[in-house]
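Indexing begins at 1, ligand by ligand and atom by atom, following the structure's order.
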Amino acid sequence: MNAKLDSSVTERPVTRQTFDEVLVPTYAPAAMVPVRASGLDLWDQAGKHYLDFTSGIAVTSLGHCAPAVVEALTKQINTLWHLGNGYSNEPVLRLALALTEATFADRAFFCNSGAEANEAALKLARKYAHTKFGPNKSRIISCFSSFHGRTLFTVSVGGQAKYTEGFEPLPQEINHIAYNDIEAARAAIGDDVCAVIVEPVQGEGGVVPGDAAYLKELRALCDKTGALLIFDEVQSGMGRTGELFAYMGYGVTPDILTAAKALGNGYPIGAMLTTHELAATLGVGTHGTTYGGNPLAATVALTVLETINTPAFLARVKDASAKLVAMLQGLITDYPHMFSIVRGSGLLLGLVVSDAFKGRAKDIQKAAEAQGLMVLIAGMDVVRLAPALIVSDAQIAEAGRLLRLALDGIKAA
Ligand SMILES: *Cc1c(COP(=O)(O)O)cnc(C)c1O
């Protein structure tokens with residue numbers, strides 16, 4: 001009998017080894033395979049418990065299987081799944097109202113990921129410039145070390161050459177400048193620029209917060225040249241910094257904002273938010289995607305937004321951030337040969353390794369996992385922590401205890 005037709009296929013035993021046999025090897029996942037999770041608690045196939053300080057890369061901000069989200073999604077699952085863009089639906093209409101009421105934006109476009117949200121933002125910027133200024137205003141300015149997704153356009157705009165190597169020919173008229181460098185921005189943003197795209201806090205690039213003066217200067221330069229300012233808040237948005245979106249804390253308003261990751265708490269959804277004037281550029285038929293704003297995704301996102309966007313929830317994120325920073329500062333004091341500084345914003349924090357430990361962030365991540373603590377890295381020199389925003393003081397203390405056990409093991413080796 002053909003094993004692929006075996007009716008028990010959904011219950012066939014699978015292991016980490018299966019990944020190496022039948023998945024395209026774009027990732028190198030951990031040795032353990034998670035099977036279930038709740039809040040910040042997670043269990044693998046062997047029943048081992050982990051405290052999750054990754055939230056699926058700043059995605060499950062309300063925790064795994066958040067009860068309010070499970071309830072809303074379960075109700076929607078039994079009501080209406082999918083229509084396609086020939087029809088609207090109530091959840092997406094409510095979500096668009098809520099997002100535009102909560103932000104600078106007047107209009108929303110929905111898609112399925114951060115890369116697609118940025119793809120929409122960049123296409124809008126090009127089209128707006130074409131329509132308003134003609135074909136010569138097409139240059140896009142982005143920052144080195146930035147990350148904007150993995151479509152061909154977004155890797156080309158992203159500031160990490162390793163992600164475009166071998167995929168040439170690339171989209172044209174894209175230039176990169178050093179992040180937080182005002183002089184470089186002044187030199188690069190001229191009249192031929194249609195858009196400047198920036199992460200208010202660089203995530204994948206090492207957890208580097210933007211300087212307020214820098215982001216303000218980008219706003220001024222865009223106003224001067226007629227370029228659009230795009231804030232990629234795929235990682236920094238939805239409460240991660242203690243503001244609903246990081247731009248609110250900086251007091252710098254973009255023309256276009258992109259969100260994804262925590263917007264869906266693990267259910268795929270992305271959004272591009274913009275003004276009436278810019279949105280008008282994308283008329284009927286100019287852009288789209290089959291699943292964008294489907295009732296399931298929109299229901300989840302609406303529930304997430306309602307939960308996060310309250311003063312008490314956001315204040316607690318800042319409080320938890322202060323406690324996590326204090327815990328990490330304690331590690332720097334006690335392990336000065338391993339770590340140099342803590343940086344980041346809210347509950348998106350990077351513990352930068354010292355010179356003696358350069359390139360070894362992954363070793364620390366593996367040692368933490370062995371102790372039952374999941375953390376992220378951002379490049380080879382930064383241990384990144386992005387717990388769910390509901391993290392408790394006790395869980396922060398427990399993460400500190402597990403990290404110390406992990407670090408002591410490394411020291412002894
Ligand atoms: C994760 C990320 C993206 C890409 O999002 P996907 O959903 O993986 O396509 C884009 N920008 C930033 C800042 C991100 O952190």
Salt-bridged, Arg186 to Asp181, with N to O below 4.0 Å? no
Aromatic Phe133 / basic Lys137 pairing, under 6.0 angstrom, 45° off normal: yes
I need the contact residues for ligand 1: any residue with a non-hydrogen atom closer than 4.0 Å to the ligand, ordered by chain then number. Ser113, Gly114, Ala115, Asn118, Phe147, His148, Gly149, Glu199, Glu204, Asp232, Val234, Gln235, Lys261
Would you say Gln329 has more than 12 foreign heavy atoms packed within less than 6.0 Å of its CD? yes
The criterion is salt bridge (Lys or Arg N to Asp or Glu O under 4.0 Å); which residues satisfy it with Asp393, sequence neighbours excluded? Arg316, Lys323
Check Lys366 with Glu369, please: is the shortest side-chain N to carboxylate O separation under 4.0 Å? no
I would like to know whether Leu273 and Leu99 meet side-chain contact (heavy atoms from CB on, under 4.5 Å); could you show each step before the answer? CA-CA 8 Å; Leu273 306 178; Leu99 279 171; 4.2 Å; yes
